[in-house]
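Inspection log for the structure reproduced underneath, given as structure tokens.
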Amino acid sequence: MGRPNVGKSTLFNRLLGRKAAVVHGEPGVTRDRNFAVVRWGRSSFFLADTGGYVPDAEAGIEALVREQASLAIENSSVVVLLVDGESGVTPLDVEIARLLREKNKRSILVVNKIDNDEREGLTYEFHKLGMGDPMAVSALHG
Ligand SMILES: Nc1nc2c(ncn2[C@@H]2O[C@H](COP(=O)(O)OP(=O)(O)OP(=O)(O)O)[C@@H](O)[C@H]2O)c(=O)[nH]1
Ligand SMILES: [Mg+2]
């Protein structure tokens, strides 16, 4: 899960190994949840891609997307909170991290768009989300 446009569907496709979810350069692309069984080494797991989470949306499509994302969170054993290293920590990230902490949900903080070594320094500021050590990835480049 994560706010719109951080690369959730790109990561979903990357882990799945095929382009199942629609990826686009504008926020609000994913609406329903996407589900898949990911085979990883000798094990496999269910993975859900959710639409961009907007905590304070009161009505309309953003609120409906959030409901769908909330269902996915409730039904998950682990949540990956994806954030965007290019943009740095945003108020929405802070809000979503707080929600996950309140729910006491097992979560992994992953910073996306760390496409090269020079960008690695961008991950450190995400410590302030209080979700442990951030893990750096580039969903786009693998
Ligand atoms: N540079 C870079 N861009 C990325 C990376 N991952 C995703 N993007 C770009 O970020 C944009 C959004 O990607 P999506 O995967 O659609 O993002 P999303 O979080 O699913 O967006 P919503 O479904 O709208 O919430 C696209 O233009 C992607 O190509 C990455 O690792 N590096
Ligand atoms: Mg998406």
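Remember, predicted model here, so these are calculated numbers, not experimental data. As the structure lists them, so they are numbered: ligands from 1, and atoms in each ligand from 1.
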Given OG of S9 on one side and OG1 of T30 on the other, what angle do they make at the Mg ion (ligand 2), to 10°?
90°

For atom 29 (O) of ligand 1, which candidate among L140, V22, N116 holds the nearest heavy atom?
L140

Does atom CZ (F45) have a neighbourhood of more than 12 heavy atoms from anything else shown, all under 6.0 Å?
yes

R66 and P55: which non-hydrogen atoms are nearest, and at how many Å?
NH1-O, 2.5 Å

Does the pair E86/R119 count as a salt bridge with the N-to-O cut at 4.0 Å?
yes

Please list the nearest protein heavy atom to atom 21 (O) of ligand 1 with its residue and the distance rounded to 0.1 Å.
N5 N, 3.1 Å

For P27, which part has a heavy atom under 4.0 Å from ligand 1: side chain, backbone, both, or neither?
backbone

Between E74 and K105 (salt bridge meaning N to carboxylate O under 4.0 Å), is one present in this structure?
no

Less than 3.5 Å between some nitrogen or oxygen of T50 and one of ligand 1, yes or no?
no

Looking only at distances, please establish whether an N/O atom of ligand 1 is found under 3.5 Å from an N/O atom of I114.
no

Any nitrogen or oxygen of D49, main chain or side chain, under 3.5 Å from a nitrogen or oxygen of ligand 1?
no

Does any N/O atom on G51 come nearer than 3.5 Å to any N/O atom on ligand 1?
no

So which heavy atom in the protein is nearest atom 16 (O) of ligand 1, and how far is it from that ligand atom?
H24 N, 3.1 Å

D93 side-chain N/O to T90 backbone N/O, donor-acceptor pair under 3.5 Å:
yes

for atom 2 (C) of ligand 1, nearest protein heavy atom and its distance come out as D115 OD2, 3.4 Å

Under the criterion side chain to side chain contact (heavy atoms under 4.5 Å, CB included), I'd like the reasoning laid out for V89 against K128: C-alpha separation, chi angles, the key distance, then a yes or no.
CA-CA 9 Å; V89 177; K128 71 177 171 207; 4.0 Å; yes

For atom 24 (O) of ligand 1, which of P4, G52, G28 has the closest heavy atom?
G28

If the cut-off is 2.8 Å, does any N/O/S atom of T10 fall short of it from the Mg ion (ligand 2)?
no

Look at atom 23 (O) of ligand 1 and say which protein heavy atom is nearest, naming residue and atom and giving the distance to 0.1 Å.
T30 OG1, 2.8 Å

Co-membership, hydrophobic cluster, residues L71 and V78, 4.5 Å side-chain:
no

Identity and distance of the protein heavy atom lying nearest atom 15 (O) of ligand 1:
T10 OG1, 2.6 Å

Purely on distance, is any nitrogen or oxygen of V23 under 3.5 Å from one on ligand 1?
no

I need the atoms of ligand 1 closer than 4.0 Å to a non-hydrogen atom of K8, numbered in the order shown.
15 (O), 17 (O), 18 (P), 19 (O), 20 (O), 21 (O), 22 (P), 25 (O)

Is it true that a side-chain atom of N112 and a backbone atom of D84 form a donor plus acceptor pair closer than 3.5 Å?
no

For V6, the ligand 1 atoms whose distance to one of its heavy atoms is below 4.0 Å:
19 (O)

So, is T50 placed with an N/O/S atom under 2.8 Å from the Mg ion (ligand 2), counting both backbone and side chain?
no

Between L129 and I73, is there shared hydrophobic-cluster membership here, with clusters defined by ILVMFWY side-chain heavy atoms closer than 4.5 Å?
yes

Applying the side chain to side chain donor-acceptor pair (under 3.5 Å) criterion to N34, which one of N13, D49, T50 satisfies it?
D49

For atom 27 (O) of ligand 1, what is the nearest protein heavy atom, given as residue, atom name and distance?
G25 CA, 3.3 Å

State whether the number of non-hydrogen atoms from other residues, nucleotides or ligands found under 6.0 Å of R39 atom CZ is greater than 12.
no

Tell me whether D117 at atom CG has more than 12 heavy atoms from other residues, nucleotides or ligands lying less than 6.0 Å away.
no

In ligand 1, the atoms that come under 4.0 Å of a heavy atom of S138 are 31 (O)

Counting only heavy atoms not in E58, do more than 12 fall under 6.0 Å of its CD?
no

The closest protein heavy-atom partner of atom 6 (N) of ligand 1 is N112 ND2, 3.0 Å

Identity and separation of the nearest protein heavy atom to atom 10 (O) of ligand 1
K113 NZ, 3.2 Å

